[in-house]
Amino acid sequence: MPDLFEKSCDSLPAREDMAPGAVLLRGRALVVEDGILAALGSVLAAAPFRHMTTPGGFVMSVAMTNCGEVGWVTDRSGYRYAVADPESGKAWPAMPESLRRLANEAAAEAGYAGFAPDSCLINRYLPEARLSLHQDRDERDFSQPIVSVSLGLPATFQFGGLKRADPVIKYRLQHGDIAVWGGPSRLYHHGVLTLKQGEHPKLGRQRINLTFRAAL
Ligand code: MD3
Ligand code: FE
């Protein structure tokens, strides 16, 4: 008998292939929403959001922090993964087990079994913040996917190709959406358009994105 409830929540499919190797799992994080928000709160208490500087000397509009064995940082000397938080000089907070499990399970659902993230970069967008088109290439092993979890206000995500000038497709990423980027799409260019004003019932006037990485 056909499963009449499979797509009952809204008109969008729960799963969508975005590009070769890239899968969008809409609403996937909602089943563990409260646990994620609590885990996030404990990470932020130990390592607050801060605005980092690019090697070119620009202060990023997106505020960032990390948890895990290493965290992604940028300053005038370049981009890298670092074991210590440069603001505190201490290790980044450990990755909460609930977050690690969610990333591992979402990766498996997208076809990447055994994903073991050692780093989670946490991005905070207030209205007017944006992230220009870039590639994620500071990780050692590009055969490992990246898993992203979107929370709070919706954003328009741009997804291009291997070349910066390749045409881009736009996706709306909403609270609870998880995307998994592996295979050929792992090195595709991507970015986030300027965040629009709004108010999210749980997160308020912000968007938070978690990206889980196997960096080491
Ligand atoms: C496609 N973050 O942190 S998540 C980033 O919404 C980053 O904050 C965006 O790009 C954000 O580096 C986009 C979606 C995403 C993350 C990593 C990717 C898409 C990706 C890596 C490869 C290809
Ligand atoms: Fe990225």
Side-chain angles (χ1 to χ4, degrees), residues 22 28-29 36-37 39-55 58-75 77-88 90-104 106-107 112 115-126 129-142 144-153 155 157-159 173 175-182 185-192 195 203 206-216:
R28 176 60 181 79
I36 293 173
L37 295 179
L40 185 59
S42 68
V43 169
L44 295 177
F49 286 121
R50 79 293 306 267
H51 291 273
M52 295 195 267
T53 302
T54 66
F58 295 98
V59 176
M60 298 183 75
S61 62
V62 179
M64 299 178 166
T65 188
N66 294 274
C67 62
E69 291 169 55
V70 290
W72 186 86
V73 297
T74 176
D75 58 20
S77 63
Y79 308 125
R80 64 197 171 276
Y81 282 92
V83 295
D85 175 349
E87 290 292 314
S88 68
K90 297 185 300 183
W92 295 103
M95 189 184 300
E97 200 47 46
S98 56
L99 296 183
R100 189 191 304 274
R101 186 179 320 118
L102 177 63
N104 171 273
Y112 303 97
F115 178 54
D118 49 32
S119 183
C120 176
L121 171 64
I122 305 170
N123 294 332
R124 184 201 63 197
Y125 298 75
L126 299 182
R130 60 189 289 274
L131 191 62
S132 56
L133 211 61
H134 68 277
Q135 291 172 295
D136 286 25
R137 45 188 307 162
D138 300 318
E139 302 74 28
R140 207 154 277 161
D141 181 2
F142 299 143
Q144 291 304 303
I146 289 181
V147 173
S148 88
V149 178
S150 290
L151 299 169
L153 292 176
F157 171 75
Q158 286 189 301
F159 197 25
L173 293 181
H175 181 72
D177 290 350
I178 298 187
V180 181
W181 322 86
S185 74
R186 176 63 181 75
L187 288 171
Y188 282 13
H189 287 77
H190 57 277
V192 178
L195 194 79
L203 277 286
Q206 63 181 334
R207 170 175 187 263
I208 293 179
N209 181 269
L210 287 64
T211 47
F212 295 88
R213 299 136 186 278
L216 298 176

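No experiment lies behind these values; they were computed from the predicted model shown.
- Looking at heavy atoms from C-beta onward, Leu99 lies out of side-chain contact with Val149 at the 4.5 angstrom threshold.
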Exercise for review: Would you please test Ile178 and Leu102 for side-chain contact (heavy atoms from CB on, under 4.5 Å) and show each step?
Suggested key: CA-CA 10 Å; Ile178 298 187; Leu102 177 63; 3.9 Å; yes

Review point. Glu87 and Arg50: salt bridge (Lys or Arg N to Asp or Glu O under 4.0 Å), yes or no, with the steps?
Key: CA-CA 9 Å; Glu87 290 292 314; Arg50 79 293 306 267; 5.0 Å; no

Exercise for review: Apply side-chain contact (heavy atoms from CB on, under 4.5 Å) to Leu151 and Leu40, showing your working.
Suggested key: CA-CA 11 Å; Leu151 299 169; Leu40 185 59; 4.1 Å; yes

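- Residues satisfying the ring-ring contact (aromatic ring centres under 6.0 Å, His included) criterion with Trp92, sequence neighbours excluded, are absent altogether.
- Here the shortest heavy-atom pairing between Gln135 and Leu187 reads NE2-O, 2.9 Å.
- Heavy atoms only, all atoms of each residue included: Ala94 and Val43 are closest at O-CG2, 4.4 Å.
- Within the 4.5 Å cutoff, no side-chain heavy atoms of Thr74 are placed close to those of Met64.
- Arg213 has its side chain within reach of Ile146: a pair of non-hydrogen atoms, C-beta onward, lies under 4.5 Å apart.
- Put simply, the side chain of Arg80 reaches to within 4.5 Å of the side chain of Val73, judged on heavy atoms.
- Contact annotation: the side chain of Leu44 never approaches that of Arg124 to less than 4.5 Å [non-hydrogen atoms, C-beta and beyond].
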Exercise for review: Test side-chain contact (heavy atoms from CB on, under 4.5 Å) on Ser119 and Trp72 and set out the steps.
Suggested key: CA-CA 8 Å; Ser119 183; Trp72 186 86; 5.5 Å; no

Exercise for review: Start with the C-alpha gap between Asp75 and Thr53, add the side-chain angles, then the distance that decides, and say whether side-chain hydrogen bond (donor to acceptor under 3.5 Å, both in side chains) holds.
Suggested key: CA-CA 5 Å; Asp75 58 20; Thr53 302; over 6 Å; no

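- The two residues Glu139 and Ala214 make their nearest non-hydrogen contact at CB-O, 3.8 Å.
- His190 and His134 have their aromatic ring centers within a separation under 6.0 angstrom.
- Nearest heavy atom pair, residue Ser150 against residue Asn209, reads OG-ND2, 3.3 Å.
- Looking at Asp141 and Arg186, no side-chain N of the basic residue comes within less than 4.0 Å of a carboxylate O on the acidic one, giving no salt bridge.
- The shortest side-chain heavy-atom distance between Phe159 and Ser185 falls under the 4.5 Å cut-off.
- Residues Phe49 and Ile122 are in side-chain contact: their nearest non-hydrogen atoms beyond the backbone lie under 4.5 Å apart.
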Practice item. Report the C-alpha distance between Leu203 and Leu37 in whole Å, list the side-chain angles of each, state the deciding distance to 0.1 Å, and finish with yes or no for side-chain contact (heavy atoms from CB on, under 4.5 Å). Key: CA-CA 9 Å; Leu203 277 286; Leu37 295 179; 3.9 Å; yes

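- With contacts defined as side-chain heavy-atom distances shorter than 4.5 Å, the pair Leu153/Tyr125 does not qualify.
- Residues satisfying the ring-ring contact (aromatic ring centres under 6.0 Å, His included) test with His175, not counting sequence neighbours, are His200.
- Closest non-hydrogen pair, Trp181 versus Ala22, comes out as CE3-CB, 3.9 Å.
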